[in-house]
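Notes follow the structure.
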There are 2 protein chains.
Amino acid sequence: MPEGAHAHVQSGESLLFLTDEQLRKGIEAMFFAYRGFTADPDRILEEYGYGRAHHRALHFIHRSPGTTVNNLLAILGVTKQSLNRVLRTLIVDGLVESRVGKRDKRERHLFLTEAGDALERKLSDAQRARMRAAYRAAGPEAVAGFRQVLEAMMEPELRRHFKRLKDSGS
Amino acid sequence: MPEGAHAHVQSGESLLFLTDEQLRKGIEAMFFAYRGFTADPDRILEEYGYGRAHHRALHFIHRSPGTTVNNLLAILGVTKQSLNRVLRTLIVDGLVESRVGKRDKRERHLFLTEAGDALERKLSDAQRARMRAAYRAAGPEAVAGFRQVLEAMMEPELRRHFKRLKDSGS
DNA sequence: GATCTTATGTCAGCCTTGTTGACTTTCCAA
DNA sequence: TTGGAAAGTCAACAAGGCTGACATAAGATC
């Protein structure tokens with residue numbers, strides 16, 4: 001194999017040499033990296049008595065202010081009972097506001113309060129700082145590859161949500 | 001900025017344009033991708049009445065046969081009580097064997113039984129299949145970048161474990 | 001208007017998997 | 001021989017998943 005593995009890529013039933021070894025390294029990299037990914041927010045959340053579930057809710061409400069419960073459910077992939085427990089504490093604690101829909105009064109539209117926005121910012125500042133450091137250490141081409149592989153790894157259903165969110169951004 | 005963001009990379013306090021928007025996309029990509037990453041094993045584990053904790057134990061015992069409980073503890077980052085509960089069920093169910101250390105009889109060395117190896121293979125086949133598909137879809141340069149960013153994202157302590165495992169491989 | 005469906009919330013109970021704290025046993029090493 | 005490390009165990013607790021059942025409000029349809 002003169003040109004090395006990189007030579008064989010395109011075709012579906014490609015000759016690309018992906019040994020179990022290489023794949024296993026990727027799997028372990030995902031495992032260890034995800035721990036780093038959540039480590040900083042986890043530390044902050046602990047101070048507030050919240051968990052990752054609260055962080056996820058804050059993140060996506062911040063991301064899509066006015067989103068409905070049902071929409072959040074689809075993105076987070078949990079049951080309404082699970083989400084509701086988390087949402088209730090955030091509402092009671094004054095971090096999230098739930099407004100009855102104007103067009104459809106069955107819907108609740110979710111917004112962050114000032115306090116909610118402040119915590120969300122604190123959490124995402126920490127998470128972005130690590131992501132920024134990793135991006136800078138790896139360089140922009142690595143970042144592009146990183147994003148491509150992650151996107152290809154998603155369940156199609158979730159990839160749809162991801163792209164919708166992605167496109168609504170900057 | 002004529003050449004685009006890619007032009008600025010190297011320097012530590014780089015001018016590399018990493019907007020909060022871009023970083024947020026990376027964060028969301030990690031979130032959604034990790035769900036895909038665990039989806040296939042999760043489905044299999046459910047059939048057996050096991051959870052992700054069992055998968056992790058099986059994975060790393062397969063990876064380093066004869067590893068001690070303490071070593072596993074450091075890699076998994078949980079308490080011995082947590083690990084022990086999982087390990088006990090795997091031992092009782094005949095998937096893992098625990099052998100008293102020869103040199104140090106306090107230590108227990110962990111091995112997969114044939115049944116344990118079979119389940120581990122089933123789980124990692126599923127997980128590798130998705131990883132392989134993602135790698136092929138993204139291409140080898142993307143894979144290299146993927147790995148670089150993940151590694152940069154790890155906690156230093158865990159990166160050490162990762163590298164040790166990595167180098168012990170093929 | 002009556003009925004079907006959807007969106008949401010809530011109660012109760014269960015499971016996995018994490019935690020802390022206390023305690024025991026084994027056994028290496030100083 | 002004694003201190004401490006490695007391992008195991010018990011108890012209790014919490015977060016955050018889950019299911020099932022049920023209530024309410026309100027849009028949609030017949």
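Below, chain A is the first sequence line, B the second, and so on; all start at residue 1.
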statement: Of all heavy-atom pairs linking B/V100 and B/R108, the shortest is CG2-NE, 4.0 Å

query: For residues 83-94 of chain A, which residues have at least one heavy atom under 4.0 Å from DNA chain C?
result: A/N84, A/R88

message: Test of understanding: with side chain to side chain donor-acceptor pair (under 3.5 Å), list the residues that count as partners of B/R88, not counting sequence neighbours.
response: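 Once residues adjacent in sequence are excluded, B/R88 has no partner under the side chain to side chain donor-acceptor pair (under 3.5 Å) criterion.
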
- prompt: Sequence neighbours excluded, which residues qualify as side chain to side chain donor-acceptor pair (under 3.5 Å) partners of A/N70?
  reply: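 Here no residue qualifies.
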
- request: Rounded to the nearest 0.5 Å, what's the gap from CZ on B/R35 to CD on A/E155? Could you check?
  value: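 Reported value, rounded in 0.5 Å steps: 8.5 Å.
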
Just jot down the side chain to side chain contact (heavy atoms under 4.5 Å, CB included) partners of [X], sequence neighbours excluded, or say none.
X	answer
A/H54	A/Y50, A/V86, A/T89, A/L90
A/D40	A/R43, A/A126, A/R130
A/Q148	A/A144, B/A138, B/A142
A/H109	A/T68, A/E107, A/F111

- prompt: Are B/H54 and C/dT17 close enough that a side-chain N or O sits under 4.0 Å from OP1 or OP2?
  reply: yes

- prompt: Is B/T79 near enough to C/dT19 that one of its side-chain N or O atoms lies under 4.0 angstrom from OP1 or OP2?
  reply: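 Yes, because at least one side-chain N or O of B/T79 sits under 4.0 Å from OP1 or OP2 of C/dT19.
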
field: Positional range of nucleotides in DNA chain D within the contact set of chain B, heavy-atom, under 4.0 Å
entry: D/dG4 to D/dC10

message: What is the separation between atom CD on A/E107 and atom P on C/dG9, rounded to the nearest whole Å?
response: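 Whole-Å distance recorded here is 11 Å.
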
message: Across nucleotides 23-30 of chain C, 5' to 3', mark each nucleotide with B, S or - according to how protein heavy atoms within less than 4.0 Å reach it.
response: ---BBS--

query: Where along residues 37-47 of chain B does a heavy atom come under 4.0 Å from DNA chain D, residue by residue in number order?
result: none

message: Below 4.0 angstrom, which residues in residues 64-71 of chain B have at least one non-hydrogen atom near DNA chain D?
response: B/T68, B/V69, B/N70

- request: Please determine if B/E28 and B/K25 form a salt bridge, counting it only when a charged side-chain N lies under 4.0 Å from a carboxylate O.
  value: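 Looking at B/E28 and B/K25, the cut-off is not met.
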
- prompt: Does the pair A/R132/B/D20 count as a salt bridge with the N-to-O cut at 4.0 Å?
  reply: yes

field: Any pair counted as side chain to side chain donor-acceptor pair (under 3.5 Å), so long as it reaches residues 96-106 of chain B, sequence neighbours left out
entry: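 Residue pairs with at least one partner in residues 96-106 of chain B: B/E97-B/R99, B/D104-B/R106.
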
task: Classify the ring geometry between B/F31 and A/F60 as parallel (under 30°), tilted (30 to 60°) or perpendicular (over 60°).
output: tilted

query: Can you say whether the rings of B/F162 and A/F32 are parallel (under 30°), tilted (30 to 60°) or perpendicular (over 60°)?
result: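 If you compare the ring of B/F162 with that of A/F32, the planes turn out perpendicular.
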
message: Regarding B/R56 and B/H59, do their side chains bring together a donor and an acceptor under 3.5 Å, going by distance alone?
response: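 No pair is found: no donor N or O on one side chain lies under 3.5 Å from an acceptor on the other.
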
message: Would you say that more than 12 heavy atoms from the other residues, nucleotides or ligands in this model lie under 6.0 Å from the CD of B/E114, or not?
response: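 No, because the 6.0 Å sphere around CD of B/E114 holds 12 heavy atoms or fewer from other groups.
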
query: How is B/H109 classified with respect to the nucleic acid when contacts are heavy atoms under 4.0 Å: base, sugar-phosphate, or nothing?
result: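 Nothing, no nucleic acid heavy atom in range.
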
